[in-house]
Amino acid sequence: MLTKRNAIGILIGVELVLNAAAVNFVAFNHYVWGGADGHGIGGLVFAMFIIVLAAAEAAIALAIILNFYNNFSSVDVERADQMKG
Amino acid sequence: MPEIWLVLGMCAVILVPFLKRTSVALPTGAALAALFFALAATTYTLVGDSGGTAVLGTLTIDPFSQFVKLIVILFAILVIAQWIITTRGQTAAGDTPDFLCLLLGAALGMSLMSSASNLLMIFVAMESASYPSYALAGFRKRHRIGTEGSLKYVVFGSAASAIMVYGMSLVYGMTGTLNLSDIASQIAGLSHTSSAVTGTTPALAAIGLLLIFAGVAFKLSAVPMHFWCPDVFQGAPFEVTTFLSVASKGAAVALLVRLLFTLGAASPVNSGLFTGVGVGVAILGAATATWGNLVALHQTNIKRLLAYSSISHAGYMIMACSLIALAPNTATAHTAITAVLFYLVVYMFMNLGAFTVGAAIAAQQNTEDIREYAGMSKRSPILAALMTVFLLSLFGMPGLGGFMGKVFLMQAMSDAGPAGFVLIAVLLINTLLSLAYYVKPAYYMYFTADKESRPTIFPSPAALLMLFVCAAALFWTGLLANKANSFAGAHAVLMQPANAAAAAPTLINGLPTVAVPIVDRHD
């Protein structure tokens with residue numbers, strides 16, 4: 001996520017972090033806070049929302065990256081250097 | 001629930017092109033109608049006070065959240081008006097419904113941010129405020145700068161939100177709940193005893209909280225995460241820049257207030273952990289204000305200048321928010337929230353005014369460079385005078401709203417002991433620093449001769465009316481500040497979070513049992 005120069009690569013990194021969070025939620029829910037002792041499925045619900053919002057985010061990000069490619073003929077984020085200061 | 005009207009408005013605006021293609025009046029009318037209904041719904045719930053929860057307890061409806069929603073929705077209306085008056089000509093008729101739908105969607109997310117009191121709802125609200133903003137920032141598809149700005153926004157923004165969600169997963173793992181007030185009481189307990197049963201540790205919960213604050217700091221453009229702000233503001237069309245500068249930051253400030261208030265409400269008096277949070281937020285605010293002002297000094301683009309100015313104004317508000325954590329559950333916290341709300345109202349009018357003048361000049365003279373404002377006092381004296389009023393209010397000239405906003409911030413800080421005096425000193429030094437760049441456009445307008453005989457700017461009557469309304473609002477809040485401040489004070493009331501686990505035993509993981517389907521477990 002932090003070392004990539006390719007915009008698609010950065011997007012993949014972001015999705016990985018989101019999935020890590022989703023796995024965390026499911027794991028914490030299953031092994032720590034789930035079960036019969038009165039907790040529930042908050043973590044699972046959160047994981048579902050992460051999946052849905054990650055899809056929406058990918059759609060927006062890909063549209064913007066495509067538009068960037070149309071203007072700059074590249075998806076290298078180092079090319080985004082028109083504005084400085 | 002004004003949000004319902006915003007959702008209906010989004011649907012209506014999307015469906016309009018099926019009735020009449022390339023109509024501008026129809027979608028604009030639908031969007032404005034939806035916003036006015038939402039505004040009416042907000043003021044209606046303002047009267048019926050008390051406070052309560054909605055959507056399975058994930059939203060807290062209290063006077064504070066309603067006041068912020070009032071600001072966000074009113075500002076969305078004003079931004080659409082600004083767009084009609086100044087830059088509508090640059091938007092293709094076929095793009096109008098898309099633009100309005102995105103604007104309504106962003107306003108919806110920002111309204112939700114002001115009342116979210118559950119990690120899940122905070123996540124959903126922040127994302128539904130962010131995604132339309134990304135698209136709006138790159139709305140001019142053939143504009144290289146705009147495209148670059150939106151790419152930077154989406155890259156930084158998605159990274160920040162991913163980090164925030166990871167922090168939420170850690171907090172959930174350590175506390176077992178998504179409800180903010182339960183998290184607060186759990187963490188207050190964690191700092192005393194580390195639970196050996198579940199292996200939870202205060203350190204992981206603290207890291208999780210830090211990551212959540214990092215996500216909020218991105219929306220606030222607080223200093224280590226402010227890089228997107230000037231680039232996005234410069235690249236986006238004027239109306240989008242105006243909207244993001246006030247509504248997006250206002251909603252993020254509201255979220256910060258709610259986080260700190262809810263965390264503080266559960267903390268024992270003088271608890272070390274929450275004092276640490278308060279000091280951290282105070283340092284964040286001071287760094288943001290100072291850095292924003294220092295970098296603004298050498299800006300020549302009006303949008304970039306106002307972007308850095310908005311970073312420093314966010315810094316002032318963050319500094320006031322830190323008082324909520326430094327002195328939880330006290331009159332000081334209430335004064336600080338009142339001051340932040342008052343500041344938001346004033347900030348809304350002065351930013352709207354300054355950006356509208358910038359947009360009017362950009363529309364007719366085709367420049368965003370303040371050096372091109374030379375001789376404006378001769379060419380367009382009214383516009384130059386109004387711009388000077390807005391800039392002086394942003395600086396904090398006595399008699400204008402910006403001054404009273406800073407006075408109330410300092411008043412709240414002065415109640416907070418030695419830490420407050422450090423904050424006041426930082427605020428005063430920053431105010432002096434900011435004078436150096438706020439007078440720059442005024443200097444070019446009044447004291448530089450126009451050598452290239454640039455065109456006279458004739459703002460439309462509607463634009464002038466809007467600018468006069470903004471200026472009048474600034475004079476009103478500046479001269480009769482107590483009235484506006486007591487109005488803000490009446491709404492600076494957050495619902496004292498009832499401990500959800502104690503109050504309603506049906507709440508499970510912060511979500512009630514009605515939402516729980518049957519889960520087949522195999523362990």
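Small disclaimer: the values here were computed from a predicted structure and weren't measured. Convention: sequence-line order gives letters A, B, ...; per-chain numbering from 1.
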[X] to [Y] - nearest heavy-atom pair and separation:
X: A:A21; Y: B:S169; answer: O-CB, 3.7 Å
X: A:F28; Y: B:L170; answer: CE1-CA, 4.5 Å
X: A:E57; Y: B:S161; answer: OE2-OG, 3.6 Å
X: A:G42; Y: B:L178; answer: O-CD1, 3.6 Å
X: A:A80; Y: B:L151; answer: CB-CD2, 4.4 Å
X: A:V32; Y: B:G173; answer: CG1-O, 4.3 Å

### Query
Which of these passes side-chain contact (heavy atoms from CB on, under 4.5 Å) with B:V155: A:I64, A:L11, A:I10, A:V14?
A:I10
### Query
Can you tell which of B:G138, B:S150, B:G157 has the highest number of heavy-atom pairs within less than 4.5 Å of chain A?
B:S150
### Task
Say whether, by atom type as modelled, one donor and one acceptor occur between the side chain of B:R144 and the main chain of A:F72 under 3.5 angstrom.
no
### Message
If we ignore hydrogens and angles and just use 3.5 Å, is the side chain of A:N71 paired with the main-chain N or O of B:T147 as donor and acceptor?
### Response
no
### Query
Quick one: what part of B:K152 sits under 4.5 Å from any heavy atom of chain A, side chain, backbone, both or neither?
side chain
#### Entry: Distance (rounded to the nearest 0.5 Å) between B:D231 CG and A:D81 CG
10.5 Å
### Task
Nearest 0.5 Å please: distance from the CD1 atom of B:I145 over to the CD atom of A:Q82.
5.5 Å
### Task
With sequence neighbours left out, write down each residue that passes side chain to side chain donor-acceptor pair (under 3.5 Å) with B:S312, or none if nothing qualifies.
B:N293
### Members of residues 124-132 of chain B whose heavy atoms come closer than 4.5 Å to chain A
B:V124, B:E127, B:Y131
### Query
Looking only at side chains, do A:N24 and B:Y172 share a donor and an acceptor under 3.5 Å apart?
no
### Winner by heavy-atom pair count (cut-off under 4.5 Å) against chain B, out of A:N70, A:I50, A:V52
A:I50
### Summary
Assert top hit (heavy-atom pairs under 4.5 Å, partner chain B, pool A:V17, A:V23, A:I65, A:V77) equals A:V17
### Message
Is A:A63 close to chain B through its backbone or its side chain, or both, or neither, when contacts mean heavy atoms under 4.5 Å?
### Response
neither
### Query
With side chains defined as the heavy atoms from C-beta onward, is the minimum distance between A:R79 and B:E148 less than 4.5 Å?
no
### Query
Any side-chain heavy atom of A:E15 within less than 4.5 Å of one from B:S158?
no
